[in-house]
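Take this structure, written in structure tokens, and hold onto it; I'll ask about it next.
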Number of protein chains: 2
Amino acid sequence: MSTMHDVAQRAGVSPKTVSRVVNGEPGVSERTRQKVDAAIAELDFRPNTVARNLRTGRTGLVGLALPHLSQPFYAELAEAIMREAERHDLTVLTELTGGVAEAELALVSEHGPYLAGLLMYPVGLSDEQARSVARAVPTVFMSERAYEAPVDRVAMANREGVRAMVGHMASLGYTRIAALGADHTGRPERAAAHLRLDGYRDGLSDAGLPYLPELVLEVGTPDWDRQHGAEATRGLIERGVPFDAVVAFADALALGALHAVQEADLAIPDQVAVAGFDDLDDARYACPSLTSVAPGTAQIAREALALLNDRMALTAPQNTGRLVVADFDLMARESTLGGVAAWGTA
Amino acid sequence: MSTMHDVAQRAGVSPKTVSRVVNGEPGVSERTRQKVDAAIAELDFRPNTVARNLRTGRTGLVGLALPHLSQPFYAELAEAIMREAERHDLTVLTELTGGVAEAELALVSEHGPYLAGLLMYPVGLSDEQARSVARAVPTVFMSERAYEAPVDRVAMANREGVRAMVGHMASLGYTRIAALGADHTGRPERAAAHLRLDGYRDGLSDAGLPYLPELVLEVGTPDWDRQHGAEATRGLIERGVPFDAVVAFADALALGALHAVQEADLAIPDQVAVAGFDDLDDARYACPSLTSVAPGTAQIAREALALLNDRMALTAPQNTGRLVVADFDLMARESTLGGVAAWGTA
DNA sequence: CACTTCTAGTTCATCGATGTCAACGGACCG
DNA sequence: CGGTCCGTTGACATCGATGAACTAGAAGTG
């Protein structure tokens, strides 16, 4: 590994001049610039990032904190963010928190000091903890929950998305539309469930349909997975409650519902229509393919990095948090439209 | 941020002594150690990682290079590796290569200098390129392809896994077992396909079944996804070739096959049994749940980090690469066994 | 021509921690 | 009692790059 000093000697100039050339600073004549460039090429010199970081105090490292990667939603989000970070010349350091406040905080105390910024999908953090995280390092949350803290946040169009989905179903003639994934604990970390339930009510009222509590299915755990989606749907069927559609608050739940409905020999979408939220790859490939709300993952990644950039540059307001809500798309597929749409297409 | 200097002043000692305490070096009396510890606590001092890295030349950063995260197999692998890295006190820097040699190399030239090690799932690299990567930074490949280079590698039990799967099917009485995912291009980057096909032949010959070329399905692209799995299976059905089982070389292909088989109104597993490879979460949740070869992802992560540790410590032999093959498990589920095994269980 | 004004480039200190080596004080020994 | 040795501790240089302050010479100005 050659250093700037080596390059300087070879080019017959001072190290500082080499530094100027490398960083494209002004005050270097064309002639010397060329000499230095030549020396750099000959020695295959690459500036030592660590030393630079120490001197400048900047690292170009941003932390990405997610609960898991094994759930496709997070994996897809991670991928989008990494691709976007690359465009900003930032290096991503990924940490899995398991959705536990402890781990979410540990990340900050352990890596915080040398992180230029932090993108976090917080789950367990309290308002107070969120504040302390944001105080320690420039932070952007990707989260449906609003925090009582001056933190930037990117969210999905939870309410509007579900509202539109209910509208979609109503316009197809479905009238007894179940909601799958409600939460009645009121706990703030379940904000996504609350907002989506609000959207469900909005959609019903838009369509002039009554809100029927027996069609609102709670899911026992905070984990929205197929297992629980199937169980809740089975329960609905067994109770004999009449219904002709299910709007699930997550694709995983919807895929479970799909399973339970087919298990009961009900035709999709003729007897029961099903829809989800997240637009996972799995939704496209499900059988039948699943209608879903695409939450604009790419846009979320873009906005999150834009906000973070501002904050790292201290361009952003210091005492207030900004909120960006991503646009959604309603991806209508076989599970509501029926037909023989080619499998695996958008 | 307080520095060692601050702590030293507060404790009335020299910075070097603080350094000794922090790093648990010997040669510090109990009395001073306590004074220093107290000062550290009072100032909430945390050593500056960047400065330490510069001085020592070590970083504790390992790169993780994967083609994608959006394919569940890679996401699950990434998760396993991150969890394991944490146990080794290593920080993981993830990069997505898209499976392109260019990106795989760029990672090294860009971040290589300050990476303590590299875990890569290589796809596009040539032997020569693999060599140059391994020369630049301590490297462990996770890859089915063997490289003509002194690089450590962790692989799956490709051949044995498929062999066992074919045995499993034969023991259940299936005799016309199709292979899905073969490759006849012979290109080295498709080694997984070649090995698995070998395993298929082994399995047939173990069971005394003939190898029938018309039952070997090639998949057009290197991408093993559901779409292609479904297409190839449809082709088989349309050609009217009799078959009673499909062993797919990847779960994604198997899920596609599942779809195509059901589409043709063939009962699973009564008329056609289906099995995959990878044991994705999706396999457990498929309908019917999918029998699959679990490649031992957790073990792969463990072994990969163990090998990398050796190599970073220079404990490993320098001119030769080691190979570890992970154990596999045959997860038999409804798609071969039938029955009503609880959905979503192991 | 003396004097300011640039420009191109240099010197030196510095970021924070750590390796090297020397110094200091007490214990122990002959 | 002088000398050696050992356990502690500190002074200083160093890792590689960069910011601040400075200089030598060219160019412009009245």
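Lettering follows sequence order; numbering is per chain, from 1. These numbers come from the heavy atoms of this one structure, side chains and all, not from hydrogens, waters or symmetry mates.
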Sugar-phosphate, base or nothing in reach of B:Glu25, heavy atoms under 4.0 Å: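 If one applies the 4.0 Å heavy-atom cut-off, B:Glu25 turns out to touch the sugar-phosphate alone, with no base involved.
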Phosphate-side-chain proximity, A:Ser19 and D:dA17, N/O vs OP1/OP2 below 4.0 Å: no
5' precedence on DNA chain D between B:Ser29 and A:His5 (nearest-nucleotide basis):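 Here B:Ser29 is the residue nearer the 5' end.
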N/O donor-acceptor pair under 3.5 Å between B:Asn48 side chain and B:Val50 backbone: yes
Nearest-nucleotide comparison on DNA chain C, the residue closer to the 5′ end among A:Pro26 and A:Pro15: A:Pro26
Whole-Å gap separating P (C:dG16) and CE (B:Met1): 11 Å
End axis versus end axis in the helix from C:dC1-D:dG30 to C:dG30-D:dC1, the angle rounded to 10°, five pairs used at each terminus: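 That helix has its two terminal axes inclined by roughly 60°.
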Minimum heavy-atom distance A:Val108-A:Pro113, with the two atoms named: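 Residues A:Val108 and A:Pro113, closest heavy atoms: O-CD, 3.7 Å.
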Atom-pair distance (CD on A:Glu30; C1' on C:dA8), nearest Å: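 Computing the A:Glu30:CD to C:dA8:C1' distance gives 13 Å.
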Sugar-phosphate, base or nothing in reach of B:Val13, heavy atoms under 4.0 Å: sugar-phosphate
A:Ile81 and A:Leu119, any side-chain heavy atoms less than 4.5 Å apart: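 Contact flag for A:Leu119/A:Ile81 side chains = yes.
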Touch class at under 4.0 angstrom, heavy-atom based, for A:Val18 against every strand present: nothing
Nearest-nucleotide 5' precedence on DNA chain D, A:Lys16 against B:Arg20: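 Nearer the 5' end of the strand: B:Arg20.
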Nearest to side-chain heavy atoms of A:Ser14, which nucleotide of C:dC21, C:dG19, C:dT11: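 Looking only at side-chain atoms, A:Ser14 lies closest to C:dT11.
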Phosphate contact (C:dA8 OP1 or OP2) by A:Thr32 side-chain N/O below 4.0 Å: no
Min side-chain heavy-atom separation B:Leu69-B:Leu96 under 4.5 Å: yes
Sugar-phosphate, base or nothing in reach of A:Thr17, heavy atoms under 4.0 Å: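 Base: the residue A:Thr17, judged by heavy atoms under 4.0 Å, touches a nucleobase.
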Whole-Å gap separating P (C:dG25) and CZ (B:Arg31): 16 Å
Pair A:Ser132-A:Gln129, side-chain donor/acceptor within less than 3.5 Å: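 No.
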Nearest-angstrom distance from the residue atom CG of B:Asn23 to C1' of C:dT20: 16 Å
Beyond-backbone contact of A:Ile40 with A:Val22, side-chain heavy atoms, under 4.5 angstrom: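 Contact flag for A:Ile40/A:Val22 side chains = yes.
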Close aromatic pair by centroid cut-off 6.0 Å: A:Tyr121 and A:Tyr74: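 Yes, ring centres under 6.0 Å apart.
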Side chain proximity check, B:Val36 to B:Val13, heavy atoms < 4.5 angstrom: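 SC-SC contact between B:Val36 and B:Val13 confirmed.
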Between B:Glu76 and A:Ser70, a side-chain donor and acceptor under 3.5 Å: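 No - no donor-acceptor pair under 3.5 Å links their side chains.
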Nucleic acid contacts - residues 33-58 of chain B versus DNA chain D, non-hydrogen atoms under 4.0 Å: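 Within residues 33-58 of chain B, the residues near DNA chain D are B:Leu54, B:Arg55.
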